[in-house]
Amino acid sequence: MSMPYANSTSGRSAMDDIRKTIQAFGCSKFAPMEDFAEGKVIIQFEYRGRMVQVEASAKGYAAAWLRANPYTNRMRKMKIEYERSALEKGQIAVWSILRDWIKGQLTAIETGILSFEAAFLGQILLPTGETVIERVTSQGLLTAPKEAP
């Protein structure tokens, strides 16, 4: 199976596209950040007075890519090199994933399909600096679904 975004080529271009998209939708602030140690991309922006923080894991993408494309001994690369190239794919892909997701959410808001809260509830930044989903999770307000027998 081919992973979506596996052939993405420019994280920088996708970041610029995110900036253009949120400006076109009237967002007033934009801050992209990469956390190299954690292997994630963080984007903050303000939409009509509401701060939003969206995160994507390059390591998570790399792990999914490796599950879809497992290493074999017949490959010309060593396993560590193969895993490193998967992480590089993830570091590029997450920017394109965020670009498309943010554009889709903002379009849904502007066309009345979703309210702002419905589109970004988990990513709204609270005055404490944590997102709604971080608060809900830390307080145990969401229970895991029960497994089917």
Side-chain angles (χ1 to χ4, degrees), residues 1-71 77 81-148:
M1 174 182 105
S2 176
M3 283 283 296
Y5 300 97
N7 295 320
S8 298
T9 58
S10 177
R12 180 71 158 164
S13 174
M15 183 184 69
D16 290 340
D17 288 347
I18 293 168
R19 176 183 287 113
K20 290 175 190 172
T21 298
I22 66 169
Q23 281 182 311
F25 282 101
C27 296
S28 57
K29 296 177 183 173
F30 173 69
M33 184 177 86
E34 289 185 72
D35 183 335
F36 301 118
E38 293 294 320
K40 63 183 172 181
V41 167
I42 302 165
I43 295 175
Q44 287 187 356
F45 62 92
E46 185 175 83
Y47 180 80
R48 298 184 180 167
R50 295 292 256 316
M51 287 302 295
V52 174
Q53 179 172 298
V54 181
E55 294 184 15
S57 172
K59 288 181 179 180
Y61 184 91
W65 190 87
L66 288 168
R67 282 191 302 276
N69 302 280
Y71 178 79
K77 293 181 179 181
E81 294 169 324
Y82 190 70
E83 290 170 349
R84 191 174 300 125
S85 73
L87 182 57
E88 289 170 8
K89 283 182 182 294
Q91 290 167 330
I92 294 169
V94 292
W95 287 104
S96 296
I97 293 166
L98 288 176
R99 175 199 59 213
D100 293 348
W101 185 75
I102 290 169
K103 185 176 186 178
Q105 296 300 82
L106 290 172
T107 301
I109 293 165
E110 291 296 320
T111 59
I113 295 172
L114 293 172
S115 67
F116 171 83
E117 290 77 10
F120 290 110
L121 182 62
Q123 294 78 32
I124 294 172
L125 270 177
L126 299 170
T128 61
E130 61 189 338
T131 61
V132 170
I133 193 64
E134 289 169 340
R135 171 74 61 84
V136 167
T137 302
S138 71
Q139 293 185 353
L141 298 174
L142 286 178
T143 58
K146 293 182 181 183
E147 295 184 23

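Computation of the quantities below employed the complete heavy-atom set of this structure, encompassing side-chain atoms and omitting hydrogens, waters and symmetry-equivalent molecules. Here the structure is a predicted model, which means the values were calculated and not measured.
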Task: Where at least one partner belongs to residues 110-123, residue pairs that pass side chain to side chain donor-acceptor pair (under 3.5 Å), sequence neighbours excluded - done: Tyr47-Glu110, Arg48-Glu110, Arg50-Glu117
Task: Nearest non-hydrogen partners of Ala119 and Gln105, listed with the distance - done: O-NE2, 2.8 Å
Task: Side-chain heavy-atom pair Ile43, Phe30 within 4.5 angstrom cut-off - done: yes
Task: CA sep, side-chain torsions, deciding dist, call: Leu114, Phe120, side-chain contact (heavy atoms from CB on, under 4.5 Å) - done: CA-CA 10 Å; Leu114 293 172; Phe120 290 110; over 6 Å; no
TODO: Write down the atom of Ala14, the atom of Arg99, and the distance for their closest heavy-atom approach.
DONE: CB-NH1, 3.7 Å
Task: Test item: Pro32 and Met15 side chains (from C-beta on) under 4.5 Å apart, heavy atoms - done: yes
Task: Thr128 vs Arg135, side-chain contact (heavy atoms from CB on, under 4.5 Å): CA-CA, chis, key distance, verdict - done: CA-CA 10 Å; Thr128 61; Arg135 171 74 61 84; 3.2 Å; yes
TODO: Taking ring pair (Phe, Tyr, Trp, His ring centres under 6.0 Å) as the test, write out the residues that go with Tyr61, two or more places apart.
DONE: none
TODO: Could you tell me whether the side chain of Val132 reaches within less than 4.5 Å of the side chain of Leu126, counting heavy atoms only?
DONE: yes
Got a list of side-chain donor-acceptor pairs under 3.5 Å for residues 3-13, not counting sequence neighbours?
{"residue": "Tyr5", "atom": "OH", "partner": "Asp100", "partner atom": "OD2", "Å": "2.5"}
{"residue": "Ser8", "atom": "OG", "partner": "Tyr5", "partner atom": "O", "Å": "3.0"}
{"residue": "Ser10", "atom": "OG", "partner": "Ser13", "partner atom": "N", "Å": "3.0"}

Task: With sequence neighbours excluded, residues passing side chain to side chain contact (heavy atoms under 4.5 Å, CB included) with Ala31 - done: Gln44
Open item on the list: Distance check, rounded to the nearest 0.5 Å: Glu130 atom CD versus Ser138 atom OG?
Closed with: 5.5 Å
Open item on the list: Applying the side-chain contact (heavy atoms from CB on, under 4.5 Å) criterion to Trp95, which one of Asp16, Val41, Asp17 satisfies it?
Closed with: Val41
Open item on the list: Can you give me the closest heavy-atom contact between Val94 and Ala56, atom names plus distance?
Closed with: CB-CB, 3.9 Å
TODO: Would you check if Phe45 and Ile18 make a side-chain contact, meaning some heavy-atom pair closer than 4.5 Å?
DONE: no
TODO: Provide the full list of side chain to side chain donor-acceptor pair (under 3.5 Å) pairs with a residue in residues 30-39, sequence neighbours left out, each pair given once.
DONE: none
TODO: Enter the distance from Lys89:NZ to Ile92:CD1 here, rounded to the nearest 0.5 Å.
DONE: 8.0 Å
Open item on the list: side-chain contact (heavy atoms from CB on, under 4.5 Å), that's the test. Do Leu106 and Trp101 meet it? Break it down for me.
Closed with: CA-CA 9 Å; Leu106 290 172; Trp101 185 75; over 6 Å; no
Task: Rounded distance [0.5 Å steps], CD in Gln139 versus CD in Glu134 - done: 12.0 Å
Task: Contacts of type side chain to side chain contact (heavy atoms under 4.5 Å, CB included), residue Ile133, not counting sequence neighbours - done: Thr131, Thr137, Leu142
- [ ] Please tell me if the side chains of Glu83 and Leu87 come closer than 4.5 Å, counting only heavy atoms from C-beta onward.
- [x] no
Open item on the list: I need the minimum non-hydrogen distance between Ile42 and Gln53, along with the two atoms involved.
Closed with: CG2-CG, 3.7 Å
TODO: Mind telling me whether Tyr82 and Trp65 have parallel, tilted or perpendicular rings, with 30° and 60° as the class edges?
DONE: tilted
Task: Validation row: Leu125, Val52 side chains within 4.5 angstrom (heavy atoms) - done: no
Open item on the list: Measuring from atom CE of Met51 to atom NZ of Lys29, what distance do you get when rounded to the nearest 0.5 angstrom?
Closed with: 6.0 Å
- [ ] Could you check Cys27 against Glu46 for side-chain contact (heavy atoms from CB on, under 4.5 Å), going step by step and ending with a plain yes or no?
- [x] CA-CA 5 Å; Cys27 296; Glu46 185 175 83; 5.9 Å; no
